[in-house]
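All remarks here apply to the structure that follows.
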Number of protein chains: 2
Amino acid sequence: MYEELKYWYLRDHKLFWTLSMSQIKQLCIITGFKKAKKGDIIYFSSSDVPRIFLLKKGNIKIVSIDENGNEMIKDIIQKGDLFGELTLESDKNSNEYAKALTDEVSICSFLLSDFEDLMLKNPNLALTYTKFVGLKMKRIKNNYSNLISKDAKTRLHTFLREWAEREGHFNGNKVTIENYLTQADIAQIIGTSRQTATQLLNEMEDKQLIYYNRKEILIDDFSKL
Amino acid sequence: MYEELKYWYLRDHKLFWTLSMSQIKQLCIITGFKKAKKGDIIYFSSSDVPRIFLLKKGNIKIVSIDENGNEMIKDIIQKGDLFGELTLESDKNSNEYAKALTDEVSICSFLLSDFEDLMLKNPNLALTYTKFVGLKMKRIKNNYSNLISKDAKTRLHTFLREWAEREGHFNGNKVTIENYLTQADIAQIIGTSRQTATQLLNEMEDKQLIYYNRKEILIDDFSKL
DNA sequence: ATGAAAATGTCAGCTACTTTACAATGGGGA
DNA sequence: TCCCCATTGTAAAGTAGCTGACATTTTCAT
């Protein structure tokens with residue numbers, strides 16, 4: 001991988017706006033790249049040394065396997081998101097892995113230790129990073145709060161609203177979302193069974209609220225969702 | 001409040017181990033104290049300027065009120081925990097507040113801006129703080145994962161196990177937990193109705209797994225929980 | 001001590017889900 | 001082009017846990 005390209009990849013991320021070119025290059029030295037396509041499994045927590053990953057392109061889900069062998073979605077990572085040892089502590093026994101949801105996934109990574117060194121030299125980065133992690137925590141907290149106290153229908157609506165806000169293409173009150181999730185994925189995210197999710201989605205389609213297919217989801221009127 | 005006492009209060013917290021005495025004193029200047037007793041409500045998010053709080057003594061719960069006026073437990077804060085604007089971003093519209101669970105709650109606080117300044121001057125503090133926030137995130141994530149995928153009984157068991165690990169007094173396989181929660185509180189935490197929680201607790205008592213009363217909870221054999 | 005309020009105990013519906021089971025569809029690789 | 005398998009659709013039966021409705025017990029302030 002050419003140094004210059006690596007530099008560009010990291011530089012692009014708003015977390016690194018506070019860093020000078022030379023500092024970014026310092027990180028780049030150990031930067032590695034991975035490519036994947038839909039369905040590919042990307043291990044990260046068990047890898048040799050603790051790393052932080054940056055998703056440059058595509059979408060992935062972080063899943064873990066429970067005692068009964070059931071896949072459990074922990075997080076959906078989108079373009080520009082960081083993932084991995086965000087806590088700055090390696091955690092060997094989590095048995096989590098990532099799975100590509102789209103074709104053309106590209107991930108770059110750097111060593112946790114290098115990142116720490118850089119933070120020590122650059123307190124501003126530390127501050128930015130802390131805010132970043134904090135924001136992520138807030139998002140997770142909100143998501144889960146909904147999961148506990150609301151019923152499946154509300155959860156689905158909330159999920160669609162957030163998804164639309166995050167990645168939808170707005171055209172007045174109409175929104176188009178590029179759909180890289182199966183109904184089974186959505187069910188996992190909103191914490192319900194696949195059948196219930198299917199039923200709710202079809203119900204919404206009957207009411208002309210959305211139009212669902214495997215490629216995209218059209219929301220007819222975002223304000224009515 | 002005497003300067004020396006303030007200093008002692010902060011110094012005691014492991015987050016501040018990396019700071020020198022003079023640095024802690026810098027924070028102390030603006031430190032404020034609050035005292036509360038059981039049932040008291042402590043507002044913090046809406047207060048004048050963003051602050052970070054440190055619970056020095058007692059236990060409190062962070063709750064928010066949803067559209068229907070239902071109280072929702074967001075977090076249980078224990079002695080030594082930080083809370084408030086942990087994300088380093090003020091968030092006016094969260095309408096959260098804290099409620100004292102025990103008598104003799106004492107809280108100290110400092111200004112977010114002062115803390116940020118200190119972090120800029122002391123990268124090590126930034127690193128420690130980031131790890132701290134990250135750890136909190138991991139805890140929240142795990143808790144919520146359980147809430148979604150497990151049934152009420154499992155959730156109660158997990159909660160009791162964690163509570164015991166966190167604050168229980170072990171004596172071989174027997175554990176004593178000082179009980180500052182009502183069954184309604186526990187129900188909220190494990191995301192179930194009060195009646196179900198009561199039923200499950202009584203069921204466990206019938207099976208001699210625990211002995212519950214308002215003052216304390218005895219776990220007969222931690223390994224069987 | 002004594003009444004009121006808070007906390008706990010219990011039970012009978014009821015409902016939103018899950019599970020199981022299978023059918024229909026459609027997209028992509030040989 | 002056609003077949004296969006992942007995805008989606010649908011329905012019946014079963015159930016965990018919620019709601020509401022009380023009874024009982026404990027706590028605490030006066």
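- The aromatic rings of A:F132 and A:Y129 sit parallel, their planes meeting at an angle under 30°, below the 60° perpendicular limit.
- Going from atom CD of B:Q183 over to atom C1' of D:dT26 covers 12 Å, rounded to whole Å.
- Summarising the geometry, the separation between CD1 on B:I186 and P on C:dT8 is reported as 8 Å, rounded to the nearest angstrom.
- Rounded to a whole Å, the CD1 atom of B:I148 is 17 Å from the C1' atom of D:dG17.
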- request: Report, as a single string ordered 5' to 3', how protein heavy atoms within less than 4.0 Å touch nucleotides 15-20 of chain C: B base, S sugar-phosphate only, - not at all.
  value: --SBBB

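- Here the shortest heavy-atom pairing between A:E205 and A:Y211 reads OE2-CD1, 2.9 Å.
- At least one side-chain heavy atom of A:K61 sits less than 4.5 Å from a side-chain heavy atom of A:L101.
- At least one donor-acceptor pair closer than 3.5 Å links the side chain of B:T158 to the backbone N or O of B:T154.
- Atoms NZ (B:K215) and C1' (C:dA6) sit 13 Å apart, rounded to a whole Å.
- Of all the heavy atoms in B:S193 and B:T196, the pair that sits closest is OG-OG1, 2.9 Å.
- Phosphate contact (OP1/OP2 of C:dT8, side-chain N/O of B:N202, threshold under 4.0 Å): absent.
- B:I190 has its CD1 atom 16 Å from the P atom of D:dA16, to the nearest Å.
- Atom CD of B:E203 and atom P of C:dC11 are 13 Å apart (whole Å).
- You'll find that the side chain of B:R214 is closest to D:dT27, out of D:dT27, D:dA6, C:dG9.
- Straight-line distance from the OH atom of A:Y180 to the C1' atom of D:dT7: 18 Å, rounded to whole Å.
- Checked by atom type, the side-chain pair B:T176/B:E216 shows no donor-acceptor distance below 3.5 Å.
- Atom CD1 in B:I217 sits roughly 14 Å away from atom C1' in C:dT8 (whole-Å rounding).
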